[in-house]
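Below, each value reflects all heavy atoms present in this structure, side chains not excepted, and no hydrogens, waters or symmetry copies. All residue numbers in this chain count up from 1 along the given sequence.
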Amino acid sequence: MVKIESLFGDNKYSYMLEDFKYIANSNLSFDKLKNKTVLIVGENDAVNESTAFSLLLRNDLFGDNIKVISVGKLNQQDRDDFIAINDFFENFDKIAESAIDYIIFISTDEYDIAKSKTRIGTILAKSKTMISSVMALAARKKARLVFVSPMNIYGSVHNGFEPIKEDEVGYISLTDSKNLSGADARFSETLVSNFAKERGLSVSFARLPIMYGYGRGLCSKNSKKIFKLIQDSKTNTAILPKLADEKMSVAYLADCVRAILFILLNGKDNEAYNIAFKNNTATLRMILTTAEKLQKKNLTAEEPQESSFMTPCLILDGERLSNLGFKDHLRLEEGVQKILNL
């Protein structure tokens, strides 16, 4: 059986192994997962990959005997405790045959509407089909589930300058293509919540901030822009967008995965949790300045008239997650340094 350390331990992927170890060694109530099966379903490759391989690393390091089924784009590995599936519906019977105890269901955080001719009604119909299938599986297996949404689920909430609590709801215009993933996320959360109440299922909700980390698997334009900005600071080619001083909640990829697992294992039923930390509210200018200071540089980036982020940049209130007991996380400086080290 191939070990996770041998898969990611060489110089090319050692930064990923470092993050997997950071997650696997965290105090997240992992004892609840011993001898259990975790199903991960979602299009966010970075979250899917980091979650799957961190759990498998737990097996290597501590003998937890966690079985992981990943539905996404991961490749199958020579391990008895891991199943990689690329198409959920084609392999539904295979998944349903497994003994599933926990489900991590990740909503997509972006639709490239410019390249897609799919109508919003069709997208929501596909979401309903997927949600119905996953929730039916959860009901059949009596599995505990966490549903993961992007921050644009909040839509237009007040003026965008105050931290948003989980119970706040803003307007989402269905005529603006930029709001499509937010509309889908809200629609999906509502379906999941109603299904859980009707069937008496144990479900919590995790809401992501703007996530940043290494480029592999990060699917949102927001995440890619932050990654590129930090990397370009090394070659003095960083370019700030037009609204570089718009405040937003950001968090490093590994901390987002840690929080998702913590909510899965400790969250209250039918309750939502923002993944947000007080010292990780930033602007793009702050992120670039942090990268420059860490490199002992004093640069002035160009500021062309470029469009802002595709999705809303919001400040999330993370008090509920903190009160649940999730405390430790990387400071912005630590996360930026990790990307500079790539």
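- Not less than 6.0 angstrom separates the ring centroid of Tyr214 from the ring centroid of Phe227.
- A cation-pi arrangement, defined by a distance under 6.0 Å to the six-membered ring centre and an angle within 45 degrees of its axis, is present between Arg258 and Tyr22.
- Only one option out of Glu168, Arg186, Arg207 pairs with Tyr154 in a side-chain hydrogen bond (donor to acceptor under 3.5 Å, both in side chains); it is Arg207.
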Next item on the list: Test Phe205 against Tyr273 for ring-ring contact (aromatic ring centres under 6.0 Å, His included), laying out the working first.
Entry: CA-CA 6 Å; Phe205 301 90; Tyr273 298 89; 9.5 Å; no

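- Surrounding CG of Asn27 are at most 12 heavy atoms belonging to other residues, nucleotides or ligands under 6.0 Å away.
- In this structure, Asn274 contributes its side chain and Ile164 its backbone to a donor-acceptor pair below 3.5 Å.
- Residues satisfying the side chain to side chain contact (heavy atoms under 4.5 Å, CB included) test with Lys36, not counting sequence neighbours, are Asp101, Tyr102.
- Checked against the 6.0 Å centroid threshold, Tyr212 and Tyr252 count as a close aromatic pair.
- In this structure, CD1 on Ile66 lies 9.5 Å from NZ on Lys34, to the nearest 0.5 angstrom.
- In this model, a donor atom of one side chain and an acceptor atom of the other lie less than 3.5 Å apart for Ser233 and Gln295.
- Between the side chain of Lys234 and the backbone N or O of Leu340, at least one donor-acceptor pair lies under 3.5 Å.
- Between the Lys141 side chain and the Ala96 main chain, a donor and an acceptor come within less than 3.5 Å of each other.
- A distance-only check finds a donor-acceptor pair linking the side chain of Gln76 to the backbone of Ala84 [under 3.5 Å].
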Checklist line | Evaluation steps, side chain to side chain donor-acceptor pair (under 3.5 Å), between Asn59 and Asp81 | finding: CA-CA 9 Å; Asn59 292 344; Asp81 54 3; 2.8 Å; yes

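- By the 6.0 Å contact criterion, CG on Asp31 is enclosed, its count of non-hydrogen atoms from other residues, nucleotides or ligands being greater than 12.
- A salt bridge is defined here as a Lys NZ or Arg NE, NH1 or NH2 lying under 4.0 Å from an Asp or Glu carboxylate O, and Arg144 with Asp269 meets this definition.
- In this structure the side chain of Phe89 reaches within 4.5 angstrom of the side chain of Thr129, judged on heavy atoms.
- Counting non-hydrogen atoms of neighbouring residues, nucleotides and ligands closer than 6.0 angstrom, the NZ atom of Lys278 reaches no more than 12 such neighbours.
- For Asn341, the side chain to side chain contact (heavy atoms under 4.5 Å, CB included) partners two or more places apart in sequence, or in a different chain, are Gln337.
- Salt bridge annotation for Lys21-Glu5: present, with a cationic side-chain nitrogen under 4.0 angstrom from a carboxylate oxygen.
- Put simply, CG on Leu294 and OG1 on Thr289 are 11.0 Å apart, with the number rounded to the nearest 0.5 Å.
- A side chain to side chain contact (heavy atoms under 4.5 Å, CB included) with Phe105 is found for exactly one of Ile131, Val71, Ile40, Leu39, namely Ile131.
- Salt bridge status for Arg285 with Asp245: present, with a side-chain N to carboxylate O gap under 4.0 Å.
- With rounding to the nearest 0.5 Å, the separation of OG1 in Thr237 from CD1 in Ile239 is 7.0 Å.
- The pair Lys73-Glu49 fails the salt-bridge criterion, with no side-chain N (NZ, NE, NH1 or NH2) lying under 4.0 Å from an Asp/Glu carboxylate O.
- With Ser249 contributing its side chain and Leu316 its backbone, the two residues share a donor-acceptor pair below 3.5 Å.
- Residue Met130 holds its CE atom at 13.5 Å from CG of Leu191, rounded to the nearest 0.5 Å.
- Note that the CD1 atom of Ile260 and the CG atom of Leu28 stand 11.5 Å from one another [nearest 0.5 Å].
- Within a 6.0 Å radius of CD in Gln77, more than 12 heavy atoms belonging to other residues, nucleotides or ligands are found.
- Rounding to the nearest 0.5 Å places CG of Leu61 at 12.5 Å from CZ of Phe20.
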Margin query: Show, in sequence, the C-alpha distance, side-chain angles and deciding distance for Glu189 and Ser149, and conclude whether the side chain to side chain donor-acceptor pair (under 3.5 Å) test is met.
Written below: CA-CA 8 Å; Glu189 269 203 14; Ser149 298; 3.0 Å; yes

Next item on the list: Apply side chain to side chain donor-acceptor pair (under 3.5 Å) to the pair Ser204 and Lys268, showing each step before the final yes or no.
Entry: CA-CA 6 Å; Ser204 295; Lys268 297 179 181 179; over 6 Å; no

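- Using a 4.0 Å cut-off between charged nitrogen and carboxylate oxygen, Asp60 and Arg79 count as a salt-bridge pair.
- For Arg320, the salt bridge (Lys or Arg N to Asp or Glu O under 4.0 Å) partners are Glu166, Asp167, not counting sequence neighbours.
- Remark: side-chain polar atoms of Asp255 are not paired, donor with acceptor, to backbone N or O of His329 under 3.5 angstrom.
- With a 6.0 Å radius and a threshold of 12 heavy atoms from other residues, nucleotides or ligands, Glu319 has its CD atom at or below the threshold.
- Salt bridge Glu333/Arg331: present, at least one basic N to carboxylate O contact under 4.0 Å.
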Margin query: For Leu145 and Val134: C-alpha separation, side-chain torsions, deciding distance, then whether side-chain contact (heavy atoms from CB on, under 4.5 Å) applies.
Written below: CA-CA 10 Å; Leu145 183 145; Val134 173; 4.0 Å; yes

